[in-house]
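Along the sequence shown, the residues carry numbers beginning at 1. Read the numbers this way: they start at 1 and go in the same order the structure lists the ligands and their atoms.
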Amino acid sequence: MRSKLVKVEKMEIVSQLAASISHEVRNPLTVVKGFLQLMKSQTIPKETQERYMHIALEEIDRAETIISDYLTFAKPTPKKEEPLLVEQELERVTHLLQPFARMNGVHLVEKCQPCSIIGNAEYFRQCFLNLLKNSIEATPRGGTVTISCSCKGEEVVVTIADTGIGMTVDQISRFGEPYFSTKEKGTGLGAMVAVKLIETMNGTWKIDSEIKKGTTITITFPSAKTRG
Ligand code: ADP
Ligand code: MG
């Protein structure tokens, strides 16, 4: 009975995320369409046309960012759960983000023990991509973001520690809230997606942070060994 309930909840989380994507992407697309129509139907001065073009391009960027917060690894196949080699998956995500870290002048370090959990590889990668991206974005040039994983008894613990700007108590309490962002061009969707995906994989998370010192996010999953 309990496992059935859990399944239903997971399905709901996933279908809610799917509904959010179409909703979120539709907004910028509507704006782009509107401006293109304006440009087509009127003889407008060159500066105005350039301004419209600029807005349209910015909105397309926004749609792209939203899609990458949700769907970087999505495949059109049913989502299955399987044993995941945590260190291998984290290595992959870290590797993918190295150019972004380098561009931001941040050292991205990965220190992982071999551990395994039960989950979905695409969800797992999306989740850590979003979390690591935030940590890199929060860290000034010359700083470090370290991702580590270790097996502690029946749990697998992943930590992401940055030497970044830190978060206030209010920001910590709003972490994962849809549309909460302190960034000029933030979507406020990356953390929400990460938190939902952690829940889908039966994990828990906590944040320790100090302003101007940095933030550590600790995510705990049941180890693959303990799941029947
Ligand atoms: P976005 O990155 O688009 O702003 P997210 O949902 O990914 O949206 O993150 C929400 C907010 O959480 C960020 O705007 C930021 O204020 C805060 N945040 C997340 N991770 C960190 C971090 N490692 N250090 C400081 N603040 C963070
Ligand atoms: Mg983000």
Side-chain angles (χ1 to χ4, degrees), residues 13 16-21 23-28 31 58-74 90 93-94 96-111 122-149 157-200 203-220:
I13 291 175
Q16 275 169 14
L17 282 180
S20 309
I21 304 165
H23 177 78
E24 292 306 323
V25 175
R26 197 164 283 140
N27 292 338
V31 177
E58 269 193 349
E59 290 298 311
I60 287 175
D61 275 346
R62 187 168 172 81
E64 240 173 29
T65 310
I66 291 164
I67 290 171
S68 68
D69 275 352
Y70 283 109
L71 292 171
T72 304
F73 302 102
L90 292 178
V93 177
T94 309
L96 195 78
L97 278 171
Q98 281 299 355
F100 182 66
R102 221 169 293 137
M103 203 173 77
N104 283 273
V106 172
H107 304 282
L108 179 56
V109 183
E110 185 241 318
K111 294 187 211 161
E122 288 138 44
Y123 292 171
F124 188 89
R125 290 172 202 161
Q126 182 77 61
C127 170
F128 286 96
L129 181 82
N130 292 4
L131 295 177
L132 275 175
K133 203 156 159 267
N134 279 341
S135 300
I136 295 167
E137 284 168 351
T139 304
R141 298 192 88 79
T144 307
V145 172
T146 311
I147 181 155
S148 27
C149 70
V157 180
V158 182
T159 58
I160 303 173
D162 67 59
T163 59
I165 55 174
M167 299 169 79
T168 63
V169 174
D170 178 59
Q171 285 167 0
I172 294 174
S173 72
R174 299 186 65 185
F175 184 86
E177 182 184 301
Y179 312 115
F180 166 67
S181 176
T182 54
K183 295 169 197 168
E184 201 188 327
K185 286 190 178 170
T187 61
L189 297 171
M192 185 269 283
V193 169
V195 163
K196 294 237 159 106
L197 295 179
I198 291 169
E199 287 170 9
T200 308
T204 57
W205 53 277
K206 80 174 172 77
I207 298 179
D208 296 293
S209 187
E210 207 178 320
I211 292 294
K212 291 190 185 154
K213 287 265 160 61
T215 303
T216 300
I217 305 183
T218 308
I219 300 110
T220 306

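In summary, the atoms of ligand 1 found under 4.0 Å from a heavy atom of Gly188, numbered by their order in the structure, are 1 (P), 3 (O), 6 (O), 8 (O). Interface atoms of ligand 1 facing Gly166, defined by a heavy-atom separation under 4.0 Å, are 25 (C). Near Gly186, the atoms of ligand 1 lying under 4.0 angstrom from a non-hydrogen atom of the residue are 3 (O), 4 (O). Within ligand 1, counting atoms from 1 as listed, the ones closer than 4.0 Å to a heavy atom of Gly190 are 5 (P), 6 (O), 7 (O).
In this structure, Asn104 contributes its side chain and Val106 its backbone to no donor-acceptor pair below 3.5 Å. For the pair Gln171 (side chain) and Thr168 (backbone), a donor-acceptor distance under 3.5 Å is present. Checked by atom type and distance alone, the side chain of Ser209 pairs as donor or acceptor with a backbone atom of Gly214 at under 3.5 Å. With hydrogens and angles ignored, the 3.5 Å screen pairs a side-chain donor or acceptor of Gln126 with a backbone N or O of Ser68. Side-chain N or O atoms of Glu110 include none that pairs as donor or acceptor with a backbone N or O of Thr146 at under 3.5 Å. Of the possible polar contacts, one joining the Asp162 side chain to the Thr215 backbone as a donor-acceptor pair under 3.5 Å is found.
Closest protein heavy atom to atom 4 (O) of ligand 1: Ser181 OG, 2.6 Å. Protein heavy atom in closest approach to atom 9 (O) of ligand 1: Asn134 ND2, 3.5 Å. Closest to atom 6 (O) of ligand 1, if we only count protein heavy atoms, is Ala191 N, 2.8 Å. From the protein, the heavy atom lying nearest to atom 10 (C) of ligand 1 is Phe180 O, 3.2 Å. Here the protein heavy atom with the shortest distance to atom 2 (O) of ligand 1 is Lys183 NZ, 2.7 Å. At the top of the distance list for atom 17 (C) of ligand 1, counting protein heavy atoms only, stands Met167 CE, 3.9 Å. Here the protein heavy atom with the shortest distance to atom 14 (O) of ligand 1 is Thr182 N, 2.9 Å.
Only side-chain heavy atoms of Asp162 come within less than 4.0 Å of ligand 1; its backbone N, CA, C and O stay farther off. Using a 4.0 Å cut-off between heavy atoms, Ala138 contacts ligand 1 through its side chain alone, with no backbone atom that close.
In this structure, Ala194 does not count as a contact residue of ligand 1, since none of its heavy atoms falls inside 4.0 Å of the ligand. Proximity of Gly164 to ligand 1 is not established, as no heavy-atom distance is less than 4.0 Å.
Inclusion of Thr187 in the set of residues having an N or O under 3.5 Å from an N or O of ligand 1 is warranted. Residue Phe175 has no nitrogen or oxygen atom sitting less than 3.5 Å from a nitrogen or oxygen atom of ligand 1, judged on distance alone.
Using a 3.5 Å distance cut-off with no hydrogens or angles, the side chains of Thr216 and Thr159 do not pair a donor with an acceptor.
With salt bridges taken as basic N to acidic carboxylate O contacts below 4.0 Å, one links Arg174 and Glu177. Lys185 has a carboxylate O that lies under 4.0 Å from a charged side-chain N of Glu58, or vice versa, which qualifies the two as a salt bridge.
Counting backbone and side-chain atoms alike, Asn134 contributes an N/O/S atom closer than 2.8 Å to the Mg ion (ligand 2).
Rounding to the nearest 0.5 Å gives a distance of 5.0 Å between CG of Leu97 and CG of Leu129.
Smallest separation of non-hydrogen atoms from Gly190 and Asp69: N-OD2, 3.5 Å.
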